[in-house]
Amino acid sequence: ASVSGNIGILSRDFMRLVVIAFVLAVPIVWWAMHKWLENFAYRTEISWWLFASSGLVMVFVALLTMGTQTFRAARANPVDSLRTE
């Protein structure tokens, strides 16, 4: 398989897990933040764009990390890793 094919396959599978984690975490975090902010005298509401921007940052960091590690593993010479085994 090509390097770009490997990156695409692994990134797609990993992104699925990241999105599932985000979907599960958002309601819990919203509830916890809502309860915490109720105790302040000057209350503020939690905006939806905070969750959207944090989700985008999370996806960007996951893609960057996954792409870099997959690229390094795909470009590595298998003989070098077998030599140390």
Side-chain angles (χ1 to χ4, degrees):
S2 67
V3 174
S4 62
N6 286 339
I7 292 173
I9 290 170
L10 289 174
S11 295
R12 184 174 42 247
D13 291 343
F14 194 69
M15 278 299 106
R16 205 172 288 142
L17 294 175
V18 169
V19 169
I20 290 170
F22 180 73
V23 168
L24 291 175
V26 165
I28 296 168
V29 170
W30 180 87
W31 177 80
M33 291 298 296
H34 181 73
K35 289 294 184 186
W36 181 62
L37 290 172
E38 278 181 348
N39 296 328
F40 289 98
Y42 298 104
R43 293 185 186 98
T44 184
E45 291 296 320
I46 304 171
S47 300
W48 64 270
W49 62 269
L50 290 172
F51 293 104
S53 61
S54 66
L56 288 176
V57 168
M58 185 174 64
V59 166
F60 175 73
V61 169
L63 278 176
L64 182 67
T65 305
M66 191 68 196
T68 303
Q69 293 298 323
T70 306
F71 181 75
R72 289 173 65 197
R75 298 297 298 164
N77 190 359
V79 174
D80 293 336
S81 59
L82 288 174
R83 192 176 298 161
T84 60
E85 293 291 323

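Numbering starts at 1 and runs along the sequence shown.
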Angle class for the W36/F40 ring planes (parallel below 30°, perpendicular above 60°, tilted otherwise)?
-> perpendicular

Fellow cluster residues of V19, listed by chain then number, with links counted only when side-chain atoms sit under 4.5 Å apart = V23

More than 12 heavy atoms from other groups under 6.0 Å of CZ on F51 = yes

Rest of the hydrophobic cluster containing Y42 (Ile/Leu/Val/Met/Phe/Trp/Tyr, side-chain heavy atoms under 4.5 Å)?
-> none

For S53 and L50, indicate whether the former's side chain and the latter's backbone hold a donor-acceptor pair under 3.5 Å.
-> yes

L56 and V61: same hydrophobic cluster, using ILVMFWY side-chain contacts below 4.5 Å?
-> no

With hydrophobic residues grouped by side-chain heavy-atom distances under 4.5 Å, do L10 and I7 end up in a single group?
-> no

Any salt bridge (Lys or Arg N to Asp or Glu O under 4.0 Å) involving residues 2-22? Give me the pairs, sequence neighbours left out, ordered by first then second residue.
-> D13-R16

Using the salt bridge (Lys or Arg N to Asp or Glu O under 4.0 Å) rule, collect all pairs that involve residues 54-78, keeping only residues at least two apart or in two chains.
-> none

By ring pair (Phe, Tyr, Trp, His ring centres under 6.0 Å) - contacts of W49 (at least two apart) | none

So CG of L64 and OG1 of T68: to nearest 0.5 Å the spacing works out to 4.5 Å

Is it possible for you to say whether M33 and M58 belong to one hydrophobic cluster, with membership spreading through side-chain heavy-atom contacts below 4.5 Å?
-> yes

Mind checking whether W31 and V29 sit in one hydrophobic cluster, side chains of I, L, V, M, F, W, Y counted as touching below 4.5 Å?
-> yes

Contacts satisfying salt bridge (Lys or Arg N to Asp or Glu O under 4.0 Å) that involve residues 37-61 (not counting sequence neighbours) are none

Side-chain heavy-atom pair F22, V59 within 4.5 angstrom cut-off | no

Under a single-linkage definition using a 4.5 Å side-chain heavy-atom cutoff for Ile, Leu, Val, Met, Phe, Trp and Tyr, are W48 and I46 assigned to the same hydrophobic cluster?
-> yes

Supply the atom-to-atom distance T70 OG1 to F14 CZ, rounded to the nearest 0.5 angstrom.
-> 9.5 Å

